[in-house]
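The structure under discussion appears below in the form of structure tokens.
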There are 2 protein chains.
Amino acid sequence: MGKDARTGGRSRRARVTLREVAQEAGTSPSTASRALAGHGYVAEGLKARIEAAAARLGYVPDVSARSLKGRSSGLVGLVVSDLRNQFYAALAAGVEQTLAAAGHQMVLVDDHGSDTQALDGARAFLAMRAAGVLLAPVGRTATELLVEHGTPVVEVDRRSGVRSCDAVTIDSERGAREAVSHLLELGHRRIAMVLDETVWGTGRDRLKGYRAAHRAAGVPLARRLVLDLGLRPADPQGDVAAFLDANPDVTAVFAANNLVAEAVWQELQRRGSAVPKDCSVVSFDDLTWMRIVEPGLTAVRQPVYEMGRTAAELLLERIAGERGRARTHTLEPEFVLRGSTSAPGTPAEQTP
Amino acid sequence: MGKDARTGGRSRRARVTLREVAQEAGTSPSTASRALAGHGYVAEGLKARIEAAAARLGYVPDVSARSLKGRSSGLVGLVVSDLRNQFYAALAAGVEQTLAAAGHQMVLVDDHGSDTQALDGARAFLAMRAAGVLLAPVGRTATELLVEHGTPVVEVDRRSGVRSCDAVTIDSERGAREAVSHLLELGHRRIAMVLDETVWGTGRDRLKGYRAAHRAAGVPLARRLVLDLGLRPADPQGDVAAFLDANPDVTAVFAANNLVAEAVWQELQRRGSAVPKDCSVVSFDDLTWMRIVEPGLTAVRQPVYEMGRTAAELLLERIAGERGRARTHTLEPEFVLRGSTSAPGTPAEQTP
DNA sequence: GGAGAATGTGGCATCGTTCCCACATGAGAA
DNA sequence: TTCTCATGTGGGAACGATGCCACATTCTCC
């Protein structure tokens, strides 16, 4: 009796299975499966009956069962470093858009810049038989684990160094070179560069570009002009303040990303420095606020959304079976001239 | 031969199953399952052997199989309207943070403000046996479908009107009332309100607050002062321009969200209106750029990240089996005074 | 008129895990 | 000694969808 109550009493709404749909339509699960999936022979009339039954019962196929039987779930993983940063949000939006159009869902993991958390995410993706994974790497371990298990991986924005996976990046060196060349052409000779990592990833390449621009212009480099805040700095604005105090001869600042640019901008405002008269500023990465502030920030715009889309497309091809060698797409940044740069000691020529 | 090549040739790395782990440890799958899951009796020594075997083989449990057998996958769905909007990005970040800490993955769907796409997302969540779903509703259908199938749902930011689900919102009416009262106290009498929907959701409540503030101050309302841009306006700044041309007597603008605030701000800058001397501005929602621009925007700060966290926590309780009646959490917004508001015709008193 | 396509349909094993249950074993109680 | 009971262990049936294969039909062509 008690047993009956627990077993027979279908508490809540039980899940509608394919078997029930088949029963309702007076046929077998096999046929129903074929009808609904659209593979193999099914008579037109029967197919319609099955579809009607499915609709009537509110049938929703079970992806767990499907992906257990088949090779993989339709899930695609994405690992980013900080979702609250507009950069990664835009990236995720581009990825989601492309995946959704192809009928895939996106599982989003925020690793907060930690390799360990990225690895946890990768393990979770493996466990859910993700069809593929996109990631902005913070180390090699996550990529390695996934590639080892045969999951297609596309790296975005940065490269972990694992050769066997596709990647989509933005030409950081070129963007930085253009930005710094612009400052040099304006006559700046003591250009500070502020970044949050110099060893690998985009920071390294942007630093390269900074140096290349100097070399090309025949302007000597001074190590003291490069400020490395370190990853996830506790008080970036304070560090910038100390740096500017120690290097009062700086006439222009090149900020390597939007976080750094914000710290620089706020600090210049705090100390009442006139931009660009007292100090020119260029940012790598162009966010909403940079075109809203007065003067607008001269910036290197990155096609972030497009990067997400491109990476997702590459991944979809791999998922579809593309087997060729690893490909790397490099997207071109765009230099956007606004009011925050001028010749040293000169107010902005234009107020757009 | 050809057949053998396809069947027998275990191309790539085959998935390690529990059976193989058990074999390696010299025991049965049942026992291995118990050892790894931590339920039921397993001798200490054997348990250690099984764990070692699992580690050695790089065993990753298959969630498809697990969730097929059990009730649900550990996946939690989140539906937002526009991931590129910092508001939703912060919301998603809060949700992700809480879910990840509890060992759940987040599947993110961007419905672009379309009910149909939200519904597609809901169906996908159902198909993947999502443990629960968080959504910023754009209609009732998605919530209804999920609730009907017994999936726990928590609505965020807005309410669809479906009574039987939890919700976490921000007190829009109160926030708007405070913002508009502030303007009224400063002496403004022709305060425009700009929003992108007035019929339901947050827009309706913010409009209520706008009206309530006027009533409380005994200031008559003028319908012409409310500008409804409509959802996803093609050229919001242009609409604001036309509106300001048609209503030149406006001395202050209350922008109902960050998108609208941006359009208003840009338009005021374009036409060279001095803020706050010519026109005061208050924004509902406080983004990064609002504290960076000069003067800073007076704004109603919403605890967005916290909203995401709270909603996720509520959902986790439901997933854990909480059965009580639907609960609604209302978070309090915070009025942040900056330089963009002053008495009509007066420059800002403070430049922070 | 019969071989053999072409067109439909259903049976059944399978995917990897869980978990109920049956079965061992040894200790302590009667 | 026989019985319970606690502690372990393994067998095997699900979970729901799929897709191979066998089996029915009907049709076509020599």
Side-chain angles (χ1 to χ4, degrees), chain A residues 2-3 6-7 10 13-51 53-54 57-74 126-131 149, chain B residues 3 6-7 10 13-50 53-54 57-74 126-131 149:
Chain A
K3 200 174 177 183
R6 266 187 297 150
T7 317
R10 48 195 62 200
R13 196 166 302 251
R15 200 180 176 85
V16 178
T17 72
L18 192 58
R19 188 191 313 279
E20 296 174 77
V21 173
Q23 222 154 42
E24 175 85 5
T27 182
S28 73
S30 318
T31 306
S33 173
R34 257 174 288 132
L36 265 20
H39 307 312
Y41 295 115
V42 188
E44 271 314 310
L46 182 51
K47 182 171 176 180
R49 265 205 346 267
I50 292 169
E51 279 165 353
L57 299 179
Y59 170 70
V60 179
D62 189 310
V63 285
S64 300
R66 213 207 285 279
S67 53
L68 175 57
K69 188 67 175 68
R71 290 240 139 304
S72 89
S73 69
L126 239 34
M128 67 181 71
R129 289 168 173 259
H149 282 256
Chain B
K3 201 174 178 183
R6 266 189 295 151
T7 317
R10 47 194 64 201
R13 196 167 301 252
R15 202 181 176 84
V16 178
T17 72
L18 192 58
R19 188 191 312 279
E20 296 174 75
V21 173
Q23 223 153 41
E24 175 85 4
T27 182
S28 73
S30 317
T31 305
S33 172
R34 257 175 288 132
L36 264 20
H39 307 313
Y41 295 113
V42 187
E44 272 314 311
L46 183 50
K47 183 171 177 181
R49 263 208 343 270
I50 292 170
L57 298 179
Y59 170 70
V60 179
D62 189 311
V63 285
S64 301
R66 212 207 285 279
S67 54
L68 174 57
K69 187 66 176 72
R71 291 240 139 308
S72 88
S73 68
L126 240 34
M128 68 181 71
R129 290 169 172 259
H149 282 256

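Chain A is the first sequence line, chain B the second, and so forth, proteins listed ahead of strands; every chain is numbered from 1. Hydrogens, waters and symmetry mates are skipped; everything else that's a heavy atom, side chains included, is used. Just so it is clear, the structure is predicted and the values come from calculations on it, not from any experiment.
- Using a 4.0 Å heavy-atom cutoff across all strands shown, B:T27 reaches sugar-phosphate atoms only and no base atom.
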So which protein nitrogen or oxygen atoms get under 3.5 Å of nucleotides 17-20 of chain D's nitrogens or oxygens?
from	atom 1	to	atom 2	distance (Å)
D:dA17	OP1	A:Y59	OH	2.6
D:dA17	OP2	A:L18	N	2.4
D:dT18	OP1	A:R66	NH1	2.3
D:dT18	OP2	A:S33	OG	3.1
D:dG19	O6	A:S30	OG	3.1

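- Helix-axis bend for the helix from C:dG1-D:dC30 to C:dA30-D:dT1: the local axis fitted to the five terminal pairs at one end deviates from that at the other end by 60°, rounded to 10°.
- Nucleic acid contact class of B:S64 (heavy atoms, under 4.0 Å, all strands): none.
- Between the B:S73 side chain and the B:S67 main chain, no donor and acceptor come within less than 3.5 Å of each other.
- With rounding to the nearest 0.5 angstrom, the CD atom of B:E20 is 7.0 Å from the CG atom of B:L57.
- Between the side chain of B:R34 and the backbone N or O of B:Y41, at least one donor-acceptor pair lies under 3.5 Å.
- Pairing each heavy atom of B:A35 with each of B:K47, the nearest pair is O-CE, 3.7 Å.
- Heavy-atom minimum distance, B:T17 versus B:Y59: C-CE1, 3.7 Å.
- The side chain of A:S28 contributes no N or O atom lying less than 4.0 Å from OP1 or OP2 of C:dT9.
- Put simply, CG on A:L57 is 14 Å from P on D:dG16, counting in whole angstrom units.
- A close approach under 4.0 Å does not occur between any side-chain nitrogen or oxygen of A:Y41 and OP1 or OP2 of C:dG8.
- For the pair B:R129 and A:S64, the tightest heavy-atom approach, listed with the atom from each and the gap, is CD-OG, 3.6 Å.
- In this structure, B:K47 places its NZ atom 12 Å from P of D:dG8, rounding to the nearest Å.
- Rounded to whole Å, atom P of C:dT7 lies 17 Å from atom CG of A:L46.
- Rounding to whole angstrom units, CD1 of residue A:I50 and P of C:dG8 are separated by 13 Å.
- Rounding to whole angstrom units, CG of residue A:L36 and C1' of D:dG16 are separated by 13 Å.
- Summarising the geometry, atom CG belonging to B:L46 is positioned 6.5 Å from atom OG1 belonging to B:T31; distances are rounded to the nearest 0.5 Å.
- Nearest approach of B:A32 to B:A22, heavy atoms of both residues: CB-CB, 4.0 Å.
- For B:R19 (side chain) and B:P29 (main-chain N/O), no donor-acceptor pair under 3.5 Å exists by modelled atom type.
- With distances taken from any side-chain atom of B:A43 to the nucleotides C:dG16, D:dT9, C:dG10, the minimum falls on D:dT9.
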